[in-house]
Undergrad: 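The structure that follows is given in the form of structure tokens.
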Amino acid sequence: MKKLTTGFVLILSLIFLSFKKDPSLVTLTEILVKAPFEMPAIKIPDFSKCKKYSIVDFGAAQGDKNKTSEAINKAISKANKAGGGIVVIPQGEWLTKKFHFKSNVNLHLNKGAVLLFSEDPNDYLPAVSSTWEGYECFNYSPLVYAYKCKNIAITGEGELKAKMDIWKQWFTRPKSHMESLKKLYNLASYNKPMKERQMANDSARFRPHFIQFNRCENILMDGVSITNSPFWTIHPFLSKDVVLRNLKVYAHGHNNDGVDPEMSQNVLIENCVFDQGDDAIAIKSGCGKNAWVLDTPSKNIVIRNCTVKNGHQLVAIGSELSGGIENVFIDNCTVVDGAKLNHLLFIKTNERRGGYVNNIYMSNIISGKIDAGILGIDTDVLYQWRTLVPTIERRLTPIKNVYLENIKATNVKFISKISGQKELPVENIFLKNVSADAVPENQNIHENVLNFVNKN
């Protein structure tokens, strides 16, 4: 009986140990952010108790993209299995292919370290669950990709850089690309399963994102530089608790937004410098049926103390906003004199989007010359889609409660230009101490707007 009891206890112990997970070495730090709306504390990972893993110890070799990408992925796996770790990129230039994050991993680039990403599309296969302009699909893997991860970070004083030789050739939109756009639009509009949305092929030319956090939580990017990008540069998608700070982002290609939070919540973007060929920051929430089914707004987003050297807009909202966008606060940002800029704040949508825009605040902004104006709201922005595909389901976008205060520019064509729709006018737009040194006589150009208050 005693032997039987001992054996039974041993079996129970082994069963317990088989289910017991290694404790995480990563702790969470809360950041409290002041905003004109209720802003939850943002939780970010702290890796101070974690071991460092140099990619050199896993076989990385400068100039060898196969060895280096394999070493990075091995180091990531090792750090993950240890319950948390810091994957270190040493000084020097390291040619690499894609790599994928796992939970509890901090990628740290030492000063003088450059991760140089191959321009060969085959290096970003097999396809992964990603997005293209607001629609979910299988596409080339982002250069840096995280899917359903928790507690991840990219830190340091180094640089992530994309080689652009091939991607530049893909900037054009040949007939094959437009046909692929039509195919994806119809698949997504009728909510076809993801397995049917295979877009990773040379004729579609759907370029990959540079960095995508897809359905992740507790994300930190701090200190690094990002140079060039095949498509959107930093893309938190369906993610929560994101802090992006002290970044230098430069990308002057096609569709090269700096940061695109999409259906993401509790986001802080601070102390960053943007030099973009497209929008510095573009807040999105998906397109049409795809987003209506997900039903996840972009919400509680704070952008502060940032500098824009170039970009279509300081902040754009939309046009992919079908999931809704609310509680956005842009404060204490600067657009340098001589920057190529269309608007400080541009809200754009169309009859196919639906969604909503509510509670948008912008304050304490200094800007040089702006090609268009300070505030633009346009409810009929369709770009190439206008003649490419028909409207399958018409849903208008309610836009209301937009507040601008203490904003100064030099030369502009207008202070505000708002083009609402007769069926659904734009509502509650408040301007206080918003001005420019030189502006035509017609400062506010409005159509279908209810309750516009100007206290300049």
Undergrad: Applying side chain to side chain donor-acceptor pair (under 3.5 Å), which residue pairs with at least one partner in residues 144-154 are found, sequence neighbours left out?
TA: N104-N151, N151-N218
Undergrad: Taking the side chain as everything from C-beta on, heavy atoms only, tell me whether L268 gets closer than 4.5 Å to L244.
TA: no
Undergrad: So, using side chain to side chain contact (heavy atoms under 4.5 Å, CB included) as the criterion, who are the partners of K183 when residues are at least two apart?
TA: L187
Undergrad: Counting only N and O atoms by type, is there a donor-acceptor contact under 3.5 Å from the side chain of N106 to the main-chain atoms of I86?
TA: no
Undergrad: Suppose we screen for ring pair (Phe, Tyr, Trp, His ring centres under 6.0 Å). Which residues come up paired with Y361, at least two apart in sequence or across chains?
TA: Y403
Undergrad: Are the side chain of T233 and the backbone of D257 linked by a donor-acceptor contact shorter than 3.5 Å?
TA: yes
Undergrad: Whether the side chain of S229 engages the backbone of F231 through a donor-acceptor N/O pair (distance < 3.5 Å, no angle test) should be reported.
TA: yes
Undergrad: Going by side chain to side chain contact (heavy atoms under 4.5 Å, CB included), name the residues that satisfy it together with Q265, two or more places apart in sequence or in a different chain.
TA: T296, P297, K299
Undergrad: Going by atom types only, do S363 and N406 share a side-chain donor-acceptor pair under 3.5 Å?
TA: no
Undergrad: Looking only at heavy atoms, what is the nearest atom pair of P142 and V128, with distance?
TA: CD-CG2, 3.7 Å
Undergrad: Using the six-membered ring wherever Trp is involved, compare the ring planes of H343 and F346 and label them parallel, tilted or perpendicular (cut-offs 30° and 60°).
TA: parallel
Undergrad: I need the full list of salt bridge (Lys or Arg N to Asp or Glu O under 4.0 Å) pairs touching residues 307-320, with sequence neighbours left out, sorted by first then second residue.
TA: K284-E320
Undergrad: Check whether any side-chain heavy atom of T349 sits under 4.5 Å from a side-chain heavy atom of D378, and report yes or no.
TA: no
Undergrad: For a 4.5 angstrom cut-off between non-hydrogen side-chain atoms, does H254 reach D278?
TA: no
Undergrad: Salt bridge (charged side-chain N to carboxylate O under 4.0 Å, His left out) between E133 and R173: does it pass, once the steps are laid out?
TA: CA-CA 14 Å; E133 294 184 340; R173 292 193 151 175; 2.8 Å; yes
Undergrad: Quick check for you: to the nearest 0.5 Å, what is the distance between D123 atom CG and S69 atom OG?
TA: 7.5 Å
Undergrad: What pairs meet the salt bridge (Lys or Arg N to Asp or Glu O under 4.0 Å) rule with one or both residues in residues 225-245, with sequence neighbours excluded?
TA: D222-R245
Undergrad: Indicate the ring-plane relationship of H446 and F452, choosing parallel, tilted or perpendicular according to the 30° and 60° boundaries.
TA: perpendicular
Undergrad: List the atom of H100, the atom of S141, and the distance in Å for their closest heavy-atom pair.
TA: NE2-OG, 2.9 Å
Undergrad: Side chain to side chain donor-acceptor pair (under 3.5 Å): which pairs involve residues 26-44, sequence neighbours left out?
TA: none
Undergrad: When you compare the side chain of I269 with that of V302, does any pair of heavy atoms fall below 4.5 Å?
TA: no
Undergrad: To check you understand the geometry: which heavy-atom pair defines the closest contact between G288 and S322, and what is its length?
TA: N-OG, 2.7 Å
Undergrad: Backbone N or O of F213 within a donor-acceptor pair of the S239 side chain at under 3.5 Å?
TA: yes
Undergrad: Atom CG in N451, atom CG in N428: separation rounded to 0.5 Å?
TA: 4.5 Å
Undergrad: Keeping S264 on the side-chain end and E262 on the backbone end, is there a donor-acceptor pair under 3.5 Å?
TA: yes
Undergrad: Do any N or O atoms from the side chain of N228 and from the backbone of Y250 form a donor-acceptor pair under 3.5 angstrom?
TA: no
Undergrad: If you round to the nearest 0.5 Å, how far is OG1 of T334 from CD1 of I366?
TA: 5.5 Å
Undergrad: State whether W132 and R207 meet the cation-pi test: NZ (Lys) or CZ (Arg) under 6.0 Å from the six-membered ring centroid, and within 45° of the perpendicular axis.
TA: no
Undergrad: Treating T379 as the side-chain partner and S419 as the backbone partner, does any N or O pair qualify as donor plus acceptor under 3.5 Å?
TA: yes
Undergrad: Testing the 3.5 Å rule here: is there a donor-acceptor pair between the side chains of S118 and D120?
TA: no
Undergrad: Might you point out which heavy atoms bring S129 and N214 nearest each other, and give the distance in Å?
TA: O-ND2, 3.2 Å
Undergrad: Would you give the length of the straight line joining atom CG of L450 to atom NZ of K400, rounded to the nearest 0.5 angstrom?
TA: 12.0 Å
Undergrad: If I compare all heavy atoms of A409 with all of G368, which pair ends up nearest, and what's the gap?
TA: CB-O, 3.8 Å
Undergrad: What about F206 and H177, are their ring centers closer than 6.0 Å?
TA: yes
Undergrad: Quick one, T307 and V336 - any side-chain contact, counting heavy atoms below 4.5 Å?
TA: yes
Undergrad: Determine yes or no for a side-chain-to-main-chain donor-acceptor pair under 3.5 angstrom, with Q276 supplying the side chain and N256 the backbone.
TA: yes
Undergrad: With sequence neighbours excluded, tell me which residues meet ring pair (Phe, Tyr, Trp, His ring centres under 6.0 Å) with F117.
TA: F99, F210
Undergrad: Check the pair I377, I429 against side-chain contact (heavy atoms from CB on, under 4.5 Å), reporting the backbone distance first and the verdict last.
TA: CA-CA 11 Å; I377 301 177; I429 309 297; 4.0 Å; yes
Undergrad: Distance check, rounded to the nearest 0.5 Å: K408 atom NZ versus I374 atom CD1?
TA: 9.5 Å
Undergrad: What residues form a side chain to side chain donor-acceptor pair (under 3.5 Å) with K182, not counting sequence neighbours?
TA: E179
Undergrad: Any side-chain heavy atom of P121 within less than 4.5 Å of one from W167?
TA: yes
Undergrad: Do other residues, nucleotides or ligands put more than 12 heavy atoms under 6.0 Å from K417 NZ?
TA: no
Undergrad: So which pairs with a foot in residues 154-170 pass salt bridge (Lys or Arg N to Asp or Glu O under 4.0 Å), sequence neighbours left out?
TA: E119-K163
Undergrad: So does K369 get a backbone contact from the side chain of T410, meaning a donor-acceptor N/O pair under 3.5 Å?
TA: yes
Undergrad: With side chains defined as the heavy atoms from C-beta onward, is the minimum distance between R197 and L184 less than 4.5 Å?
TA: yes
Undergrad: Please tell me if the side chains of L247 and I234 come closer than 4.5 Å, counting only heavy atoms from C-beta onward.
TA: yes
Undergrad: For K340, is there an ion pair with D371 - N to carboxylate O distance below 4.0 angstrom?
TA: yes
Undergrad: Let me confirm one number: the CG-CG distance from N305 to D331, rounded to the nearest 0.5 Å.
TA: 7.0 Å
Undergrad: Looking at every non-hydrogen atom in both residues, tell me the closest pair between V449 and I418 and how far apart they are.
TA: CG2-CG2, 3.4 Å
Undergrad: Please confirm whether the backbone N or O of V381 pairs with a side-chain atom of N350, one donor and one acceptor, at under 3.5 Å?
TA: yes
Undergrad: Applying side-chain contact (heavy atoms from CB on, under 4.5 Å) between I283 and each of L321, V259, D260, V328, report the one that passes.
TA: V328
Undergrad: Does any pair with a residue in residues 346-364 pass salt bridge (Lys or Arg N to Asp or Glu O under 4.0 Å), and if so which ones, sequence neighbours excluded?
TA: D279-K348, E351-R394
Undergrad: Run the side chain to side chain donor-acceptor pair (under 3.5 Å) test against S225 and tell me which residues pass, sequence neighbours left out.
TA: none
